[in-house]
Amino acid sequence: MDSLKIHNSLKPGPPVPFVPMEPGKVSWYVCGPTVYDKSHLGHARNYVASDIIRRIMMHYFGFHVKYVMNMTDVDDKIIIKARRQRLLDLEKKKPYSSEELRNLVTTAFKAYAAKNLPLLAEDTSNLDEVTYITKREAAYGRVLSGGTLSGEGKPSDAEAKIKMHISNMDAAAEVLKQHAIFPGADEILLPYLDSLYKETIDTSDQSMFTDLTKSMEALFLEDMDNLNVLRPDVITRVTEYMPQIAKFVEQIVDKGFAYEAEGSVYFDIAAFQKAGNTYARLRPESRNDKALQEEGEGSLSTNLGGKRGAGDFALWKKSKAGEPYWPSKWGDGRPGWHIECSVMASDILGSRMDVHSGGIDLAFPHHDNELAQSEAYFCQHGKGEHTWVNYFLHMGHLSISGSKMSKSLKNFQTIADALDTTYTARSMRIVFLMGRWNDGVEISPDLRSQADNWETAISNFFTNTKSWLTEAGFGDGVENLSINQDTPTTSLLADLEQAKKEVETALTNSFDTPRAMLVLLKLVNTTNVFVKNNKDVDLTHVEAVARWITKMVGIFGLDSNASPPYEGLGWASSIAADIDPTKAVQPYAEIVKTVQTEVSKLSLSSETLSNLLSRDPSKDFESIASSGSRDIEKLSLPYIRVVTQIRDELRRIVSSQTPETKKAILIMTDRIRDVDLTNLGVYLDDRPDNQPSLIKFIPAAELIRAREEKAAREAERAQKKEEARIAREKAEQEAKEKAKMPPTEMFKSDERYSAWDESGMPTKMKDGSDVPKSQVKSLRKMWDKQKKIHEEFKAKGGL
């Protein structure tokens, strides 16, 4: 096997050799979510990408991975959201009159605009729900129509943030018009109430924070389970590490790399560098980025003073009124954002780790600050820099309409909503596999189409392979296919070996899954062509291809029902461990009984049919069940075979039956295929020349959807046909009514004319003038045409 190389953010450039500290073992810490809101597709991109790498390390390269993830349950965002919600709940209980409540919201409306929409804030004195729309269009019409503030370039996070604030203002303006304040005005009320009453909240009771974080953590883990993301080996939570965090900070201070100021403790970057250490090793170009520094400190820390250097960051923050707090030698406070990960990761993995990962947006300042404070904690003076992390992996973020998907921008789709409406766990993972883990991804219709086509091709190949093996009588397939040096080498086996080499090359090249996905698709297409062009193909070779592809899609996490070492064939279809196999196959057994009973009543003359009607497939089922199989396809196959063979025999003899029996057989065979088996996820591929039907296992939902779509198309065609018939009959009736009129009468009712000759042709206009010669010529053509159709009408017996 080639040696693994990976992109390491600590060493920008091409992938570098991956050499873990202990052979065969990998220690890995991943920055988990800040659990204050529902997880979105940006989180899915981060954690699914990490999961793919973890799975490849474990199940392809054979590493034992210790995977640690934190849950940030103390953070400025958490404090603000929980506190504001508490204040809003209290506000809703106050006995406001309608006028008082309206005045409150109007004041909040103006305050929100003044803070977040500066072009509106130039004059808020006459800003209300009526004037707002005009002012909004004048100030931000360019942004709302898809442009930028400057009028140049493409929209970015700045424009996305403006749209978010405008959306909140829109909702508030609408409820002010309707005099229905809640919940439409919540988003503008929350910051206003916080500005008024935040210091009045009693934070000795931390339940307002923990209730939020516990519920959001549970939802996050549920989302990850639904995406088939492996659970971490260890989960840490900030609130469970407060004493350790305070001690960790104390040691950094004692070493001279941090200082106390006004009750807070700051990391001293200058002292750290003076001792020979490097700061901002991941993003040196960002070390003086004031906006990123402030974002890293949190919105509640803007007024903390006493810092010696502009870039110095908080290790411990003095808690202000309205903020949660824990004891320390510097007084009541709470940890800085970055120190949390340093303490938790070091507690579980020690003074060094192989891998640290997170989203690319965390590189600076979060990860750079983590590195600095951890290296300061563990370093020994005079012995050079301490290496805390060997490999830093940063996952590319997900963008939407040119902007990073973000909770703070509210331009996200939650994972739960995406899985309910747009994706399956597999289709979402395929999209992410088609992009490099360290590159940004913007989901486009073209990318979705590529992913859907890839999944369809792989699914069809699995379905067809199992059908071919079943038809050939392999039963459960060749479980332990052995290809050795004595096995004749066909071009197909050569293609398989080449694909294995190409996938290995791709995965050793920093987990290049886009390349690996293309190799798998190419092999499927090659195999399909080979089967089509070779009548006597060796199905064991086709199966070898299918089993290897099954193993690879299992390693990539594309089958939530499969488990290592992924030695099955196709997408796994296991029944739950607590379901008895006999109960699981009961629907299939009932179909056998129903079909056998119905066919017996037809009294058909067929020895083959008689044998099938007396066959009991339960013995074959028991043989499979006794082997311990939980695969519903294997367990149900004995029953499906009997039904399919009965149906095939009915199709063979139908032409020799009486019209009445023939009709009954055709209705029955269609129902078995389109209803009975379709509802159980079984598709029968009917073939000509009395060939047996191919049995294909396809998800029932997919088959039912296809059946309903077909029925809808047929209904639409029938409706259009009926509408055409009605239109045709109407036209015929109108033509018939028109033909009844003699040409001598056709112009008599036209008010444009006042006189006619003996043939009925107009001679005078309404005003008494002669009919113009140009018009007479046109009228004569119409008269001649009417005469012709009238005479044809009479010739056909019309009255």
Side-chain angles (χ1 to χ4, degrees), residues 459 462-479 543 546 550 559-563 566-600 608-650 668-686 692-707:
S459 293
F462 286 153
T463 298
N464 290 333
T465 299
K466 287 189 281 189
S467 297
W468 296 329
L469 291 170
T470 299
E471 181 189 29
F474 282 114
D476 296 338
V478 183
E479 293 286 358
E543 183 180 12
T550 299
D559 192 346
S560 59
N561 290 324
S563 57
Y566 308 111
E567 292 179 344
L569 197 165
W571 308 123
S573 56
S574 301
I575 59 175
D578 59 347
I579 296 179
D580 178 59
T582 302
K583 183 176 181 181
V585 300
Q586 191 60 36
Y588 304 89
E590 289 175 358
I591 288 178
V592 173
K593 188 182 300 183
T594 298
V595 170
Q596 287 177 331
T597 301
E598 291 180 348
V599 174
S600 296
T608 301
L609 205 54
S610 297
N611 291 334
L612 290 169
L613 295 180
S614 62
R615 183 175 298 176
D616 181 6
S618 62
K619 293 182 180 179
D620 292 331
F621 156 73
E622 289 169 359
S623 176
I624 298 171
S626 65
S627 70
S629 176
R630 309 292 298 179
D631 189 333
I632 190 61
E633 293 180 9
K634 293 180 181 179
L635 293 168
S636 64
L637 190 56
Y639 299 95
I640 296 169
R641 275 187 174 142
V642 171
V643 173
T644 303
Q645 288 167 1
I646 290 174
R647 182 176 176 277
D648 286 341
E649 181 62 11
L650 289 174
M668 187 185 303
T669 55
D670 284 351
R671 190 207 72 214
I672 292 171
R673 179 194 61 199
D674 299 334
V675 180
D676 296 345
L677 294 181
T678 286
N679 290 347
L680 294 175
V682 179
Y683 174 75
L684 295 185
D685 190 352
D686 288 337
S693 301
L694 277 178
I695 299 171
K696 297 184 176 181
F697 289 95
I698 299 173
E702 185 177 331
L703 290 177
I704 293 171
R705 182 171 62 250
R707 182 181 67 196

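Computation of the quantities below employed the complete heavy-atom set of this structure, encompassing side-chain atoms and omitting hydrogens, waters and symmetry-equivalent molecules. If you're wondering where the values come from, they're calculated on a predicted model, not measured in any experiment.
Residues passing the side chain to side chain contact (heavy atoms under 4.5 Å, CB included) test with Leu680, sequence neighbours excluded: Pro587, Tyr588, Ile591. Applying the salt bridge (charged side-chain N to carboxylate O under 4.0 Å, His left out) criterion to Asp620, with sequence neighbours excluded, gives no partner residue. Checked against side chain to side chain contact (heavy atoms under 4.5 Å, CB included), Asn611 has the following partners two or more places apart in sequence or in another chain: Glu607. Taking Arg615 as the reference, nothing meets the salt bridge (charged side-chain N to carboxylate O under 4.0 Å, His left out) condition, with sequence neighbours excluded. With sequence neighbours left out, Ser560 forms a side chain to side chain contact (heavy atoms under 4.5 Å, CB included) with Asn228. Residues passing the ring-ring contact (aromatic ring centres under 6.0 Å, His included) test with Phe462, sequence neighbours excluded: Trp571. Shown here are the side chain to side chain donor-acceptor pair (under 3.5 Å) partners of Ser618, two or more places apart in sequence or in another chain: Asp616. With sequence neighbours excluded, the residues forming a side chain to side chain contact (heavy atoms under 4.5 Å, CB included) with Asp578 are Ala576, listed by chain and number. Partners of Thr463 according to the side chain to side chain donor-acceptor pair (under 3.5 Å) rule, which considers only residues two or more places apart in sequence or in another chain, do not exist here. Residues passing the side chain to side chain donor-acceptor pair (under 3.5 Å) test with Arg671, sequence neighbours excluded: Glu598, Asp676. With sequence neighbours left out, Asp674 forms a salt bridge (charged side-chain N to carboxylate O under 4.0 Å, His left out) with no residue at all. In terms of the side chain to side chain donor-acceptor pair (under 3.5 Å) criterion, Gln596 has no residue partners (sequence neighbours excluded).
Note that NZ of Lys696 and OG of Ser459 are 12.5 Å apart. Values are rounded to the nearest 0.5 Å. Atom CD of Glu543 is separated from atom OG1 of Thr550 by 9.5 Å, given to the nearest 0.5 angstrom. The distance from the CG atom of Leu612 to the CD atom of Gln645 is 5.5 Å, given to the nearest 0.5 Å. Rounded to the nearest 0.5 angstrom, Ser573 OG and Arg630 CZ are separated by 12.0 Å. Here the OG1-CD1 distance, from Thr678 to Ile672, works out to 11.5 Å after rounding to the nearest 0.5 Å. Atom CZ of residue Arg647 and atom CD1 of residue Ile640 lie 13.5 Å apart, to the nearest 0.5 angstrom.
The backbone N or O of Ile695 lies less than 3.5 Å from a partner atom in the side chain of Ser467, making a donor-acceptor pair. Distance alone, capped at 3.5 Å, places no donor-acceptor pair between the Ser693 side chain and the Asp686 backbone. Judged by distance alone, with hydrogens and angles left aside, the side-chain atoms of Asp685 form no donor-acceptor pair with the main-chain N or O of Leu694 at under 3.5 Å.
In this structure the side chain of Leu569 reaches within 4.5 angstrom of the side chain of Leu469, judged on heavy atoms. Side-chain contact between Phe697 and Val682: present, with at least one pair of heavy atoms (C-beta onward) separated by less than 4.5 Å. The shortest distance between side-chain heavy atoms of Arg641 and Pro617 does not fall below 4.5 Å. In this structure, the side chains of Leu635 and Phe621 come closer than 4.5 Å at one or more pairs of heavy atoms. For the pair Pro692 and Thr644, the minimum side-chain heavy-atom distance is 4.5 Å or more.
Side-chain contact, Arg707 with Asn679: a donor N or O sits under 3.5 Å from an acceptor N or O.
Closest approach of Lys593 and Thr597 over heavy atoms only: O-OG1, 2.8 Å. Nearest heavy-atom pair across Ala546 and Thr465 is CB-CG2, 3.8 Å. Nearest heavy-atom pair, Asp559 versus Gly570, reported as atom, atom and distance to 0.1 Å: OD2-O, 4.0 Å. In terms of heavy atoms, Val599 sits closest to Met668 at CG2-SD, 3.5 Å.
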